[in-house]
Amino acid sequence: MTEALPMPAWAGPALRRIYAERAYSERYRNADFDWDLFNPEWYCAHNYLKLRDDDTAIMRKVGEFFSGALAQSAPRPRGLDVGSGPNLYPAMAMLPFCESVDLREYSRSNVRWLSRQARYYDRHWDQFWKVYQDFSGYDKIGNPRQALAKRARIERASIFHLPEREWDLGTMFFVAESLTRDPMEFWAAAHAFIRALRPGAPFAAAFMADSEGYTVDDRFFPAVAVGPSDVEDCLSVVADRVVIQMVETKSPLRRGYGGMILAMGVAR
């Protein structure tokens, strides 16, 4: 989603150790792929037409977390969903708690998809919204379609170039580990997301565990194989009160991954 990055100045021993251990004979960096060729219609049809048990579990945990942290407070000015792709449920999670929700996405095809869906999203997303309605605060949104159309602000942007300390709440779902096969870029992307949030801002981030790549409409895209300890090591550098949970399923989305990892906490 941007040019290859040098080892950042803030890299500590944990990053350097992981970078050394995660040596691939064939390394694919983010800039090696044309992300404008990502097919959002195909991806959405294969992932989100029906509500899955693992997505439901993640949404329930995130809804409970945001509700507990924010339901009794005034709406925060700005929420950030980074690397949104053809997935609306992370942005939906922030609707009751933000005056605006900024969706930042690098792929031009995904930006076009998001622009259409934000204006009036397809009916299958209704089942996703219903999951959140069990939690306090979500009852404030009488018409989620209208709320998303009013509050969503979609912009093409690279996760690596986000401004720092601008947002008050954040989500990043299946992004940092799914844009490269280089562990250094995984760390850089995850840290860029957290650093875009103001100190104390709650966040939720999800990762595919042990994924080394995936196919969208017969086109291959890269991934870094990360586990819960990798996510914890990465986020603990820039976040506090981080809780890591594995989300399992009896019906895997595809071959070649080991479940989903959910991380929640607050930016440091």
Would you say the side chain of I244 lies within less than 4.5 Å of the side chain of I261, judging by non-hydrogen atoms? yes
Kindly assign one of parallel, tilted or perpendicular to the pair F66 and F97, based on the angle between their ring planes and the thresholds 30° and 60°. perpendicular
So, Q133 versus D139: side-chain donor-acceptor pair below 3.5 Å or not? no
Residues forming a side chain to side chain donor-acceptor pair (under 3.5 Å) with E99, sequence neighbours excluded: none
Can you establish whether the number of heavy atoms outside R165 located under 6.0 Å from its atom CZ is more than 12? yes
Any idea how W35 and F33 line up, ring-wise: parallel (<30°), tilted (30 to 60°), or perpendicular (>60°)? tilted
Is it possible for you to check whether R145 lies under 6.0 Å from the centre of the six-membered ring of Y120, through NZ or CZ, and within 45° of that ring's axis? yes
Quick one: salt bridge (Lys or Arg N to Asp or Glu O under 4.0 Å) partners of D55, sequence neighbours excluded? none
Looking at K130, I'd like to know if its NZ atom is crowded, meaning that more than 12 non-hydrogen atoms belonging to other residues, nucleotides or ligands lie closer than 6.0 Å. no
Please check: side-chain N/O of D168 versus main-chain N/O of R78, any donor-acceptor pairing under 3.5 Å? yes
Can a donor-acceptor pair be found between the side chains of T249 and D53 at a distance below 3.5 Å? yes
Side chains of E155 and D102: closer than 4.5 Å at any heavy-atom pair? no
Parallel, tilted or perpendicular: which fits the ring planes of F173 and Y89, with parallel below 30° and perpendicular above 60°? perpendicular
If you count heavy atoms of other groups shown closer than 6.0 angstrom to CZ of R156, is the number above 12? yes
Salt-bridge contact R52-D54 (side-chain N to carboxylate O under 4.0 Å): yes
Among all residues two or more places apart in sequence or in another chain, which pass the side chain to side chain donor-acceptor pair (under 3.5 Å) test with Y138? none
Transitive ILVMFWY side-chain link V243 to M59, under 4.5 Å: no
Taking all heavy atoms of M246 and all of G258, pick out the closest pair and write down the distance. CE-O, 3.5 Å
Note, C44 side chain near H124 side chain (heavy atom, < 4.5 Å): yes
Do F207 and F174 pass the side chain to side chain contact (heavy atoms under 4.5 Å, CB included) test, and can you show the C-alpha distance, the side-chain angles, and the key distance before you say yes or no? CA-CA 5 Å; F207 309 85; F174 315 118; 5.6 Å; no
I'd like to know if the side chain of S84 pairs up with that of D81 as donor and acceptor (distance under 3.5 Å, no hydrogens or angles considered). yes
For the residue pair W125 and Y48, does the interplanar ring angle fall in the parallel (under 30°), tilted (30 to 60°) or perpendicular (over 60°) class? tilted
Would W42 end up clustered with L49 when hydrophobic side chains under 4.5 Å apart are linked, directly or stepwise? no
